[in-house]
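Note sheet for the following structure.
Reminder, nothing fancy here: chain letters follow the sequence lines and each chain counts from 1.
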Protein chains: 2
Amino acid sequence: MLPAARHQAIVDTVQRERVVRVSDLAQQLGVSLMTVRRDIELLEEAGRLERIHGGAKLPGDASTHEPGFELKSTQLTSEKRAIAVEAAALVQEGMAVGLSAGTTTWALAKELVNGPPITVVTNSVRIADLFHHAAAAGRTHYSSTVILIGGQRTPSDALVGPIATSALKQLHLDLLFLGVHGMDAVAGFTTPNLLEAETNRAFVAAARKTVVLADHTKWGVLGISSIASLDEVDEVISDPGLGSEAQRVLQEKVGKLRLAAA
Amino acid sequence: MLPAARHQAIVDTVQRERVVRVSDLAQQLGVSLMTVRRDIELLEEAGRLERIHGGAKLPGDASTHEPGFELKSTQLTSEKRAIAVEAAALVQEGMAVGLSAGTTTWALAKELVNGPPITVVTNSVRIADLFHHAAAAGRTHYSSTVILIGGQRTPSDALVGPIATSALKQLHLDLLFLGVHGMDAVAGFTTPNLLEAETNRAFVAAARKTVVLADHTKWGVLGISSIASLDEVDEVISDPGLGSEAQRVLQEKVGKLRLAAA
DNA sequence: CCTGGTGTCGAGCAGCGGGGAGCATGGTGT
DNA sequence: ACACCATGCTCCCCGCTGCTCGACACCAGG
């Protein structure tokens, strides 16, 4: 067994198991404890793993095992927050408001819990949680009604599938805020998750007015599945980082474009 | 068990259950109370959880000292667990299993995450969370499919209302585990929440076989709303604390009564 | 409001298992 | 044959763990 191959095997194991002990590796690879320790020392210097007492673990694994959400929700917070504030201004007391799953809509939800009482319809467990906890803590005088659409849960905490779409068919929304993964001049609004796209299409169908929330980094990004073409939505809220060409296209196709200053 | 793995397990448990007690963690992880306390201390410094008397909770979670966290978590846990273990034995790989909201069904869910892969249908956000986190942590080889029924959220974390009932009409369950607030010779199985009762009736209608989980303290308790009469369910699982008169009635009306020894 | 009982918390100490330095050995390339 | 490198071994140290005991928090009863 060559050292390089052994190193690779160790890294593989750590990535697979998240944490691994020196003694297990030694037995599994048929080498001594010392050798494994030295390997781990080297690999730590190379930044491929992190050494801990008794073994090794993934580097920087101190955080949650859902890297997507936590990371994304800290990224671009100022732009997202500005977009959320702008969007919240569209909401009036008593409205039935739809919120798709996503980090930008989540930022909006954080604004809305402190706003006037409304009826919220969402397929995001996290967003429903947000309102639920706010109501439980009594932070809002009159609490909003939250309807969580059912279905199967995706890794990004969205509920999708036939249950979700058929539930949406029964509902009518005054206003839908849609988070997207990408927007493009020809492909329109897209997401990488097929099931989520289907659910979002149902959301759009149920809403009288659709507003897309997307920061400027979303322009030109294509997910595999289309949610809607540009002219199917009524408004886009983005931020001033959006290129002038993108602004022109959106202005023309969507009709209404709002740029939220951070 | 490596410290890092243990820390991860603790954080997972806290995120899944919102509140955990030191003693439960110690037993579950096979380490001493002191070790768990020290781990919790470290994890608190890292901001991954918050320490409370007797255990730990999610950081920033409003459900600080709900009236009787102490009480609720210690009360009847052994009976509930015994009932849950007994119930879990009825579940076989690939089944479509319904779980109503409630603490007893939640205890059952904790058993089921480590069991064979099944399809779970529930209206409890907490139970869905449980499976979701277990799957994300990769603790189960083949993860179960979880369908969360939508609707409005009650204070006890159940999703109810027309959305929930209409979603249940589309589904068929091999087996339903129903948690109830009270059972009585004449009133049958009852709950204090009208909306929850309606949803639970929809659950019963969707299931080919219904099993009620209820510890002995539920006997003679009446909620305002009836879910089902005694003869409408196929089996009751309770504990040996159940009075002999109650045993006789249940045996006669339900047909099958199982008492789980703690 | 006070008081007792139960259970939890924290500090200190001892045992144990893993970590690291230095040296001997074997295998390989020159 | 020689030099070099990787490996394994041994001894000593250190961190982790569990135990014990005194202090404190929470709950129940008067």
Side-chain angles (χ1 to χ4, degrees), chain A residues 1-14 17-59 61-62, chain B residues 1-14 17-59 61-81 103 217 262:
Chain A
M1 160 91 52
L2 285 154
R6 207 177 49 230
H7 293 171
Q8 191 57 48
I10 292 175
V11 171
D12 285 348
T13 309
V14 168
E17 318 245 338
R18 315 250 310 259
V19 216
V20 66
R21 53 172 58 233
V22 172
S23 51
D24 288 349
L25 284 172
Q27 193 179 358
Q28 186 187 325
L29 300 168
V31 295
S32 77
L33 297 171
M34 273 318 300
T35 304
V36 175
R37 285 203 199 97
R38 279 189 274 247
D39 287 342
I40 289 177
E41 193 177 357
L42 283 172
L43 291 167
E44 183 180 39
E45 280 171 27
R48 309 250 278 156
L49 48 76
E50 211 166 297
R51 196 159 34 151
I52 55 173
H53 194 85
K57 71 178 180 77
L58 283 177
D61 194 39
Chain B
M1 170 74 77
L2 254 49
R6 210 177 45 232
H7 294 170
Q8 193 60 49
I10 292 175
V11 172
D12 283 349
T13 310
V14 169
E17 315 198 0
R18 297 213 129 88
V19 214
V20 287
R21 3 186 55 249
V22 173
S23 50
D24 287 348
L25 285 171
Q27 192 180 358
Q28 187 186 326
L29 300 169
V31 295
S32 76
L33 297 171
M34 269 320 298
T35 303
V36 175
R37 283 203 200 96
R38 280 190 274 245
D39 286 342
I40 289 177
E41 191 179 358
L42 283 172
L43 291 168
E44 183 179 40
E45 281 171 26
R48 308 242 277 154
L49 47 76
E50 216 164 292
R51 197 158 31 154
I52 56 177
H53 193 80
K57 69 177 184 72
L58 282 178
D61 194 9
S63 82
T64 325
H65 259 219
E66 274 180 14
F69 147 58
E70 211 69 47
L71 201 69
K72 248 200 281 182
S73 333
T74 52
Q75 221 177 24
L76 294 169
T77 38
S78 64
E79 282 93 339
K80 281 204 164 89
R81 198 186 157 85
T103 50
T217 64

Taking atom [atom2] of [N] as reference, at what distance in whole Å does atom [atom1] of [X] sit?
X	N	atom1	atom2	result
B:Arg51	D:dC26	CZ	P	14 Å
A:His7	D:dA6	NE2	C1'	10 Å
A:Leu25	C:dG18	CG	C1'	14 Å
B:Gln27	C:dG7	CD	P	15 Å
A:Leu33	D:dT10	CG	P	12 Å
A:Asp39	D:dC5	CG	P	17 Å
A:Ile40	C:dG19	CD1	P	8 Å
A:Leu42	C:dG19	CG	C1'	16 Å

Looking only at heavy atoms, which two atoms of A:Lys57 and B:Ala4 are closest? And how far apart?
CD-CB, 4.0 Å
Taking every heavy atom of B:Ala56 against every heavy atom of B:Leu49, the minimum-distance pair comes out as CB-CD1, 4.0 Å
Name the pairs: protein N/O against N/O of nucleotides 12-16 of chain D, kept only if under 3.5 Å.
none

Are side-chain N/O atoms of A:Gln8 and A:Arg48 paired as donor and acceptor at under 3.5 Å?
yes
How would you list, by chain and number, every residue that makes a side-chain hydrogen bond (donor to acceptor under 3.5 Å, both in side chains) with [X], sequence neighbours excluded?
X	value
A:Glu41	none
B:Thr35	B:Ser32
B:Glu44	B:Arg51
B:Arg6	B:Asp39

Would you indicate whether the side-chain heavy atoms of B:Ile10 and B:Val20 approach each other to under 4.5 Å?
no
Under the rule for salt bridge (charged side-chain N to carboxylate O under 4.0 Å, His left out), what residues qualify as partners of B:Arg37, not counting sequence neighbours?
none
Among C:dC9, C:dT8, C:dG19, the one nearest any side-chain atom of A:Val22 is C:dG19
Nearest-0.5 Å distance that lies between atom CG in B:Leu43 and atom CD in B:Glu50
13.0 Å
Taken in chain and number order and not counting sequence neighbours, the residues that satisfy side chain to side chain contact (heavy atoms under 4.5 Å, CB included) with A:Glu17 are A:Thr13
Sort me out a list of protein N/O and nucleotides 21-29 of chain C N/O pairs below 3.5 Å, or just none if empty.
none

Global bending angle along the helix from C:dC1-D:dG30 to C:dT30-D:dA1, which compares the axes of five pairs at either end, to 10 degrees
40°
